[in-house]
Protein chains: 2
Amino acid sequence: MAKNIQSLERAAAMLRLLAGGERRLGLSDIASSLGLAKATAHGILRTLQHEGFVEQDPGSGRYQLGAELLRLGTTYLDVHELRARALVWTDDLARSSGEAVYLGVLHQHGVLIVHHVFRPDDSRQVLEVGAMQPLHSTALGKVLAATDPVAHAELVDAKREPFTARTVTELDEIERELDLTRSQGYATDNEETLEGVAAVAAPIYDRRRLAVGAVGITGAVERVCRDGELRPELIAAVRDTARSVSRDLGAKPF
Amino acid sequence: MAKNIQSLERAAAMLRLLAGGERRLGLSDIASSLGLAKATAHGILRTLQHEGFVEQDPGSGRYQLGAELLRLGTTYLDVHELRARALVWTDDLARSSGEAVYLGVLHQHGVLIVHHVFRPDDSRQVLEVGAMQPLHSTALGKVLAATDPVAHAELVDAKREPFTARTVTELDEIERELDLTRSQGYATDNEETLEGVAAVAAPIYDRRRLAVGAVGITGAVERVCRDGELRPELIAAVRDTARSVSRDLGAKPF
DNA sequence: TGCCCCGTTCGACAATGCTAAACGCTATCG
DNA sequence: CGATAGCGTTTAGCATTGTCGAACGGGGCA
């Protein structure tokens, strides 16, 4: 195993610590949380602050994440090829289905939302781009776990928290559902993550036939389900969208 | 001057380089652009990749920004106090003015958009959160340059690119406009950044009476102007919003 | 006014990350 | 089809660089 640069790993750990703790953190907290000397933590934080990755509250001296992260994160979206190719198709899907559309990719232990089209009504909705979803209970997550070996390994290792009474946490039961997902080409989330909310998702493949992401729609069960099952026309629409994006990425449809 | 950590500065420079170059960059390009040995650049990139800040295209071996930046950048928004306080007021402003609302803070050499409310019609609009605006030609930028000494210094040092025939680039002329901004408490952008687009913005102060950001609206000149000047009722609405947010932040209004 | 805790600075050591050169690989071209 | 050029990657050794422990200064609480 090749060795990584220590100061960078520590800086990354600090950013993740600051992202996790809800409020601003003091230097002493950060240093002790990471097991570092205060002076060491201070040197890293000073550099991160100078580069804009961290900001310091002038009054309390506490640290929080910096604006440069927002700028770079947005740039990441601009460069993202999958997202660029999916933009037009997801708009169509939102219009035809009448529900919110999500586009997600595997990131670390979950699904990172890289695109989100609001449900086309005038209700107030919050943009969820940049948020994470769990692998074991969401439609996007199951699709990725079923089609991407790395995602599958992450799902097996994860702790699989139960969110509702319907959340499946047993590994063998999940594996059976992933087999079903693979055979039918899509996955559902029937109130397994949020009460009253259901979802469908399908995988997106690149030119090497590897799964690179998933698209899906999410909505209130009263709208997207009938007789306790996802409405077939919505499933078809999601799968069509996934196929269209895959084709745009160069995947051969044979 | 205290010394910063070299490897971190280099890593930050790489991220900024990757954010600037439109396409993915190869290791050799990165190393030569920063004047580093290939092995040095490789070590930093390997660590950044392991931490999720950069990704490597398996086919070409080229590098691009990573998903962790999106996740952290979104978290930055969640923690942002100014943005949280402004959310409800900007919604009202968009509704009452009928135009798109922007909330910006000073970041490096420009204005970073931290919140963006779409114009309340059904037209297609792209979210500009995370984008940067210049200080010298935009309403948000002028407000910040007029009220924040750091922003003013940045404006003086910047190169002040002309975007339209109306863009003011002469420093003394800008200074006169900043004086006007300070005396009247708001700034405008009358087709100085984009042809056919005008804007108004006003400063937001914190409890120490320091400018921490700016709110404003932007729209087609045909809608937001009358007789070549910004409509007074829109200026009033923007200033009311800025005052409301300032009061929420603890600024005394006297 | 006293104390305590926090963020910051200092100086010395050695571990750490940097440099230069060589490796294996793929794609290109004669 | 074999040679070449360019790529990303690995290796080894040196000295630069980041780390550490301790001491400093200042703000807030009692």
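Within every chain, numbering begins at 1; the chains are lettered A, B, ... in the order of the sequence lines, protein sequences first and strands thereafter.
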Listed partners of B/Phe53 passing ring-ring contact (aromatic ring centres under 6.0 Å, His included), at least two apart =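 Listed in chain order: nothing, the list is empty.
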Rounded to whole angstroms, how far apart are [atom1] on [X] and [atom2] on [N]?
| X | N | atom1 | atom2 | answer |
| --- | --- | --- | --- | --- |
| B/Asp57 | D/dC7 | CG | C1' | 14 Å |
| B/His42 | C/dA21 | NE2 | C1' | 15 Å |
| A/Leu27 | C/dC6 | CG | C1' | 8 Å |
| A/Ile5 | D/dG18 | CD1 | C1' | 12 Å |
| B/Asn4 | C/dG17 | CG | P | 17 Å |
| A/Leu48 | D/dG18 | CG | P | 13 Å |
| B/Arg62 | D/dG8 | CZ | P | 8 Å |

Using side-chain hydrogen bond (donor to acceptor under 3.5 Å, both in side chains) as the criterion, list what pairs up with B/Ser7, not counting sequence neighbours.
->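 Partners of B/Ser7 under the side-chain hydrogen bond (donor to acceptor under 3.5 Å, both in side chains) test: A/Ser7.
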Identify every side-chain donor-acceptor pair in residues 57-67 of chain A under 3.5 Å, counting partners at least two apart or on other chains, and give the distances.
{"from": "A/Asp57", "atom 1": "OD2", "to": "A/Ser60", "atom 2": "N", "distance (Å)": "3.1"}
{"from": "A/Asp57", "atom 1": "OD2", "to": "A/Ser60", "atom 2": "OG", "distance (Å)": "2.9"}
{"from": "A/Ser60", "atom 1": "OG", "to": "A/Arg62", "atom 2": "N", "distance (Å)": "3.3"}
{"from": "A/Tyr63", "atom 1": "OH", "to": "A/Gln56", "atom 2": "NE2", "distance (Å)": "3.3"}
{"from": "A/Gln64", "atom 1": "OE1", "to": "A/Arg24", "atom 2": "NH1", "distance (Å)": "2.6"}

Give the angle between the helix axes at the two ends of the helix from C/dT16-D/dA15 to C/dG30-D/dC1, taking five base pairs at each end and rounding to 10°.
->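 Terminal axis comparison yields 0°.
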Please, which pairs that meet side chain to side chain donor-acceptor pair (under 3.5 Å) have at least one residue in residues 33-43 of chain B, sequence neighbours excluded?
->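 Matches after skipping sequence neighbours: none remain.
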Is a side-chain N or O of A/Arg182 found less than 3.5 angstrom from the main chain of A/Thr147, in a donor-acceptor match?
->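 Not a single qualifying donor-acceptor pair exists.
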Sub-3.5 Å donor-acceptor pair from the side chain of A/Ser137 to the main-chain atoms of A/Thr193, do we have one?
->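 Such a contact is absent between A/Ser137 side chain and A/Thr193 backbone.
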Distance-only donor-acceptor hits, side chain of residues 199-206 of chain A, under 3.5 Å, sequence neighbours excluded:
{"from": "A/Asp206", "atom 1": "OD1", "to": "A/Arg208", "atom 2": "N", "distance (Å)": "3.0"}
{"from": "A/Asp206", "atom 1": "OD1", "to": "A/Arg209", "atom 2": "N", "distance (Å)": "3.3"}
{"from": "A/Asp206", "atom 1": "OD1", "to": "A/Leu210", "atom 2": "N", "distance (Å)": "3.0"}
{"from": "A/Asp206", "atom 1": "OD2", "to": "A/Arg208", "atom 2": "NH2", "distance (Å)": "3.3"}

Which part of the nucleic acid, if any, lies within contact of B/Gly26, taking any heavy atom under 4.0 Å across all strands shown: a base, the sugar-phosphate backbone alone, or nothing?
->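 B/Gly26: backbone/sugar contact only, no base atoms under 4.0 Å.
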Are OP1 or OP2 of [N] and a side-chain N or O of [X] less than 4.0 angstrom apart?
| X | N | answer |
| --- | --- | --- |
| A/Tyr63 | C/dC6 | no |
| B/Gln56 | D/dT9 | yes |
| B/Ser28 | D/dG6 | no |

Non-neighbouring partners of B/Asp240 that pass salt bridge (charged side-chain N to carboxylate O under 4.0 Å, His left out), sequence neighbours left out |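 Testing B/Asp240 for salt bridge (charged side-chain N to carboxylate O under 4.0 Å, His left out), a comparison that skips the adjacent residues, returns B/Arg243.
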Qualifying salt bridge (Lys or Arg N to Asp or Glu O under 4.0 Å) pairs with a residue from residues 137-158 of chain A, counting only residues at least two apart or across chains |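 Salt bridge (Lys or Arg N to Asp or Glu O under 4.0 Å) check on residues 137-158 of chain A returns A/Lys142-A/Glu177, A/Lys142-A/Glu192.
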What residue pairs, at least two apart or across chains, pass salt bridge (Lys or Arg N to Asp or Glu O under 4.0 Å) with a residue in residues 67-76 of chain A?
->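 Counting only pairs at least two positions apart or across chains, the salt bridge (Lys or Arg N to Asp or Glu O under 4.0 Å) contacts touching residues 67-76 of chain A are A/Glu68-A/Arg71, A/Glu68-B/Arg16.
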Helix axis bend for the helix from C/dT1-D/dA30 to C/dA14-D/dT17 - C1'-based end axes, five pairs, 10° rounding |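 What I find for the helix from C/dT1-D/dA30 to C/dA14-D/dT17 is an axis angle of 10°.
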Which pairs would a plain distance check flag for residues 126-136 of chain B, meaning a side-chain donor or acceptor within less than 3.5 Å of a matching protein atom at least two apart in sequence or in another chain?
{"from": "B/Glu128", "atom 1": "OE2", "to": "B/Tyr102", "atom 2": "OH", "distance (Å)": "2.8"}
{"from": "B/His136", "atom 1": "NE2", "to": "B/Glu161", "atom 2": "O", "distance (Å)": "2.7"}

Measure all distances between protein nitrogen or oxygen atoms and nitrogen or oxygen atoms of nucleotides 20-30 of chain D, and list the pairs falling under 3.5 Å.
{"from": "D/dC20", "atom 1": "OP2", "to": "A/Thr40", "atom 2": "OG1", "distance (Å)": "2.4"}

If each of A/Ser7 and A/Gly61 is mapped to the nucleotide of DNA chain C with the nearest heavy atom, which maps nearer the 5' terminus, i.e. the 5' end?
->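 Upstream on the strand: A/Gly61.
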